Engineer: 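What follows is a structure written as structure tokens; I'll ask about it next.
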Amino acid sequence: MERPITTLFMLMSVDGKISTGSTDEMDYDKDFPNITGLKEGLHQYYEIEQTTDLWSFNTGRVQEKMGVNTNEMPSKTPVSFVI
């Protein structure tokens with residue numbers, strides 16, 4: 001068999017997105033650690049995230065937050081992004 005085996009790891013919330021909102025005032029990384037009932041299990045998300053492959057599907061908003069348009073592109077990153 002010469003077909004590659006591909007596995008998709010999908011981390012998402014019940015409503016289909018991991019987000020506290022779509023404005024700059026609402027930020028996943030800042031908000032989630034402060035939400036009672038969510039902050040207690042947040043470590044599980046990060047543990048699962050560390051076991052997935054190093055490809056990430058992201059939105060332009062996430063890329064902007066990371067400074068893609070303002071910072072110089074590093075020669076190598078630990079994760080490859082698909083936008």
Side-chain angles (χ1 to χ4, degrees):
M1 215 166 140
E2 296 194 25
R3 287 183 359 183
I5 297 173
T6 304
T7 303
L8 172 64
F9 297 97
M10 186 185 225
L11 302 174
M12 62 187 285
S13 61
V14 175
D15 65 358
K17 60 183 179 178
I18 299 175
S19 173
T20 55
S22 61
T23 67
D24 291 336
E25 291 79 31
M26 298 178 170
D27 186 291
Y28 164 91
D29 294 315
K30 294 176 185 173
D31 296 341
F32 278 14
N34 298 315
I35 299 174
T36 302
L38 194 148
K39 64 183 174 186
E40 293 80 6
L42 194 55
H43 69 280
Q44 293 173 329
Y45 170 82
Y46 291 115
E47 289 170 8
I48 292 171
E49 185 181 52
Q50 294 300 313
T51 65
T52 62
D53 290 333
L54 299 177
W55 280 90
S56 180
F57 288 91
N58 281 298
T59 64
R61 180 176 286 277
V62 171
Q63 295 292 303
E64 180 184 19
K65 178 181 166 183
M66 294 171 48
V68 168
N69 295 325
T70 56
N71 298 335
E72 287 191 33
M73 187 68 171
S75 59
K76 185 175 181 180
T77 61
V79 177
S80 298
F81 293 99
V82 178
I83 302 173

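Values below: every heavy atom of this structure, side chains too, minus hydrogens, waters and symmetry copies. This is a predicted model, so every value here is computed, not measured.
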Engineer: Looking at every heavy atom in both Lys30 and Asn34, which two are closest together, and how far apart are they?
Structural biologist: O-ND2, 2.9 Å
Engineer: Can you measure from CD (Glu47) to CG (Leu42) and round to the nearest 0.5 angstrom?
Structural biologist: 10.0 Å
Engineer: Output all residues satisfying side chain to side chain contact (heavy atoms under 4.5 Å, CB included) with Thr70, sequence neighbours left out; order by chain, then residue number.
Structural biologist: none
